[in-house]
Amino acid sequence: MTGAQVANALFVATIILYASAMFGHAIEYAFDRRAPKRGKVLVASGGEAAASDETAETDAAATNDAAANDDNAAEVPVSPVAARAAGRLSLVLTYLGTIALASSIVMRVIYTGRWPWGNMFEYIVGMALAGMVTWLILVAGGHVHRRLGLFATFSVTMVLGTSVRVYTEAGPLVPALDSYWIIIHVTAAIVASGILLIGCVFAILHLLKRRFDRRISEGKTPGFPLNIAKRLPDATVLERLTFKTHVFAFPLLTFGIFAGAVWAHFAWGRYWAWDPKEVWAFIAWVVYAAYLHARVSGRSARVNAPWIAILGYAVMLFNLTAVNLIFGGLHSYAGV
Amino acid sequence: MRRSPLRIARSFGRRWWHQLTSMRTALLLLLILALAAIPGSTFPQRAISLTDVNDYYTRHPDLAPFLDRLWAFDVYTSPWFSAIYLLLMISLIGCILPRLGVHLKALRAEPPDAPRRMEILPYHRRLDGGANESRARAALKRHRFRAVRRESADGTVTIAAEKGYLRESGNLLFHASIIIVLVGVAVGSLFSWYGNRILSEGEDQAFCNNLQQYDEYGLGAYVAETGLPRFCVQLDSFAAEFTNGGPTAYEADITYTVGDAEHAYDLRVNHPLNIDGTNIFLIGHGYTPVVTYTDRYGNTETRRQPFLSMDAALNSEGAFKFPDANFNPETGEVDADAEVGFDAVLVPSFDTATAILLGSEPELNNPVLALTAYRGDLGMGDGRPESVYNVNEEQIASGDLALLNDEVEVIGVGDVMELDDGSTLTFDGVEQYAVLQVRYDPGGPIVLGGAVILMGALLPALMVRRRRYWIRWNPDGTVEVAGLNRNAYDGIAEECDAITADIAPDAVPPTPRTESEATIGSTS
Ligand code: HEM
């Protein structure tokens, strides 16, 4: 087998591992009947004063715990113990998948003798790896529950599945890409995109949970797909996670754009010329800056903040795919 | 009481100023700016490619003038785009200045005293004595808090401490740096200039820095056409390296002259030459086929003509024109309708095994020229600008140029194409050219400085948390401590527990961590 074939085999293994992990997490998510951990425990000593809007959401969470416990435990086909075992196994599979993905990239590096960010396929694969590593760090640090791995593996598997459609044979780089600035620029952009992918997942989950809570408080029974949100953590917890991931990714994104401008100066003779890729990077940056502002500028803007975060990711994806395929411009010589 | 018009105008102005400098407005302007940037990527831009704009005019003759009136081809210099970012700038300045005042005051002020009821704070513990003042001060110092001691008449002693001022400093600096970047961009657009030049190898192809020598150029509003610095550049040799059919390195050896001094430089992509602030970049390359035309009277003329590459395999197109050919030595006149022109495609790697003309590799493995010859009036004398890359199509259409070969003739290096009047075109060989961009942008360093500050300031602006810690010795002998985070901060309880443990190790066991401590002031 050549290096490229090994890389491809590892890539396929990654998708299988992630898909299996997704399946296992789904079992855990559906059948582990423990009530979701309460986001806020009002400790006796001295009394924790929560901001009033957060208290309201805690009430909603309490209601939905009750809803969760209403289910008839006798009817479940998988016991909670087995479901948790499936979850643990899935986490192991996720680790293995991530190792396989990283090895696949390393194999491509060895085979091509260059940094693995030369085309759209490689970019997407790098983003998936960054996203999954972010996810595993969050789980290992106890910031999120393993069970939510369902959504992380789902989105990363989708991303990897899509990347196959733009698969490019591993090959050498054109001269303009032969610079250490590409390593800095593209690495920063890829890592930022990976973290933002996870941030976007949190934003979506937060919105789902929020709507679910509202239905419950209106006395309605939410149907599919909203009832997925039943076992999610508190809306406030999800909101906080969304914010944290974005706060972490934003400086990286900023640095990535900065490094891109420095590189453009050396390679193309100008640091910024509103090339389509640059335009859309600018738009993404501005949208994320708007998200950070929305979160601190009053109640109504704060309610809309997750939508702005999702819009930001939509712009990132648009820049990654459509701009390469449709608009052309200087960046498109990086290949599909 | 009637209010004077002045007062009304003042309050009206103040209201609008508050509106403009509110964060909600900034948010809206940011989103509008993002929206306004989109057309610049969907319509061709003059500043990027004039050719694409002209193409657009040809393809949409009705729509284009209308779009042009909306500045669709100059989005980033359009009045509406400028209006948005100028409003954003004003709003930005309007929000920085007052916050700067507040922050400077806060930097000098002492941390505020503890609230009367400390138990309402997010972190609060009662200590069973054992906390002495000097120990508390030392602990707070070790945790890098700024602390102040207060004593009230009833004997209550409090120490108030605060840290994390860097967040607001970073935040203000970050917002200010955006203004620096924009100033740099503005300086650049007023004082910068650039020129693009296709430079073939050889001493006779050298060029000097003035506008006539550039194939394409742009000048900032405040740059005089004659004010460019003096220097000349010559391409000694050019080499391109290819691996698996793709270019992997270009190397241009150049000689440049400033005043009387001659210097050599090894110009590469990503490795520009800097002459006193003017940068010369290698931004592309291509092939220059060399041909010799021998007319019916035996006069010869040699042409080195840079061709434009059409694809990644460097199949390139261009034209050879000989408007002065067929000068009859006997009559002393040029024959009527004897101008000759050739439309040509250069194929660097012609594959003789297939019937396909265009090659798939950019290297010069088997270069051929595919030629179409015309004779008649090239139409070059009429003063209209015309492309050097093809023979004038209008002249062909009007019959002023006659097509000489129905089938494209393909010749290799050293081969000769013969025309019906006995004249010949010889393919002598292929040289290389480099595409250079010469650019001067005094705004660049300002933008760079602003961007570096921006990134340096962003980290503390986002990562640092402002928090306060109090310790109070009540007259009844009890001791209370409390903590408050002024930004969203999950770790406030752990941090305060650590400080408390330093102050009074045995006084109170730390409370177990809850999943998330309440935060107030997260909407600060
Ligand atoms: C009128 C204009 C603006 C106002 C009034 C404003 C106001 C603010 C305020 C008050 C914060 C602090 C949030 C906090 O305490 O957490 C902030 C943060 C921030 N601003 Fe602005 N801003 C403006 C324009 C801009 C612009 C044009 C950008 C860049 C596109 C920007 C990017 C940011 C970023 C990235 C943060 C995050 C830092 C943080 O959360 O502390 N701002 N802004």
Side-chain angles (χ1 to χ4, degrees), chain A residues 37-41 43 45-51 54 171-176 178-179 181 236-237 240 243 247 250-251 254-255 258 261-263 265-276 279-280 282-283 286-287 289-290 292-294 296-299 301-302 308 315 323 327 329, chain B residues 22-24 26-27 30-31 33-34 37-38 40-42 45 47-48 75-76 119-126 185 194 243-244 246-250 268-272 279 281 283 437 439 441 444 447-448 451 454-455 458-459 462-463 488 490 511 514-520 522-524:
Chain A
K37 240 195 262 171
R38 292 276 293 278
K40 194 148 291 122
V41 184
V43 188
S45 89
E48 308 280 350
E54 295 188 352
L173 289 178
V174 299
D178 184 15
S179 154
W181 280 104
T236 33
V237 172
R240 200 81 58 79
F243 182 60
V247 155
F250 187 76
T254 310
F255 178 70
F258 168 81
V262 174
W263 175 36
H265 166 80
F266 288 118
W268 298 326
R270 82 289 183 293
Y271 60 85
W272 196 272
W274 299 106
D275 183 74
V279 171
W280 285 93
F282 171 78
I283 294 173
V286 166
V287 170
L292 294 180
H293 280 102
V296 289
S297 51
R299 184 98 177 90
R302 195 175 166 153
I308 303 181
V315 172
V323 170
F327 289 133
Chain B
S22 79
M23 196 138 84
R24 192 175 299 255
L27 182 61
L30 276 174
L31 288 173
L33 188 69
I38 294 177
S41 68
T42 56
Q45 298 295 297
I48 300 175
V75 166
Y76 305 106
E119 64 271 19
I120 63 166
L121 295 171
Y123 172 86
H124 179 255
R125 306 279 181 268
R126 284 175 209 285
V185 171
Y194 81 93
T243 315
N244 302 340
T248 47
Y250 301 144
R268 275 174 283 125
V269 180
N270 292 317
H271 186 239
N279 284 306
F281 302 91
I283 61 172
Q437 180 164 95
R439 178 178 286 271
D441 182 1
V447 173
L448 179 64
L454 184 148
M455 280 180 305
L458 189 54
L459 287 177
L462 286 171
M463 307 294 177
D490 289 348
T511 29
T514 57
E515 186 160 295
S516 77
E517 289 280 341
T519 51
I520 60 174
S522 59
T523 49
S524 65

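The chains referred to below are lettered A, B, ... by the order of the sequence lines, with proteins before strands, and numbering in each begins at 1.
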Kindly give the heavy-atom pair with the smallest separation between [X] and [Y], and that separation in Å.
X: I283(A); Y: A37(B); value: CG1-CB, 3.9 Å
X: P251(A); Y: L458(B); value: CA-CD2, 3.7 Å
X: A290(A); Y: L27(B); value: O-CD1, 3.0 Å

Interchain contact, Y271(A) with chain B, by part (heavy-atom threshold 4.5 Å):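 Side chain only.
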Using non-hydrogen atoms and a 4.5 Å limit, figure out which bit of Q45(B) sits close to chain A: side chain, backbone, both or neither.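 Looking at Q45(B), nothing touches chain A.
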Drop me the distance from F282(A)'s CZ to L33(B)'s CG, to the nearest 0.5 angstrom.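 Rounded to the nearest 0.5 Å, the CZ-CG separation comes out at 4.0 Å.
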Test item: [X] and [Y] side chains (from C-beta on) under 4.5 Å apart, heavy atoms:
X: L454(B); Y: F255(A); answer: no
X: R270(A); Y: F281(B); answer: no
X: V75(B); Y: V279(A); answer: no

Specify which of T254(A), I308(A), V315(A), V262(A) makes the most heavy-atom pairs with chain B at under 4.5 Å.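 Answer, by heavy-atom pair count under 4.5 Å with chain B: T254(A).
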Picking from D441(B), L31(B), I38(B), which has the most non-hydrogen pairs under 4.5 angstrom with chain A?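 Most heavy-atom pairs within the cutoff with chain A belong to I38(B).
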Relative to chain A, which of I283(B), N279(B), V447(B) shows the most heavy atom pairs under 4.5 Å?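 Heavy-atom pair counts peak at V447(B).
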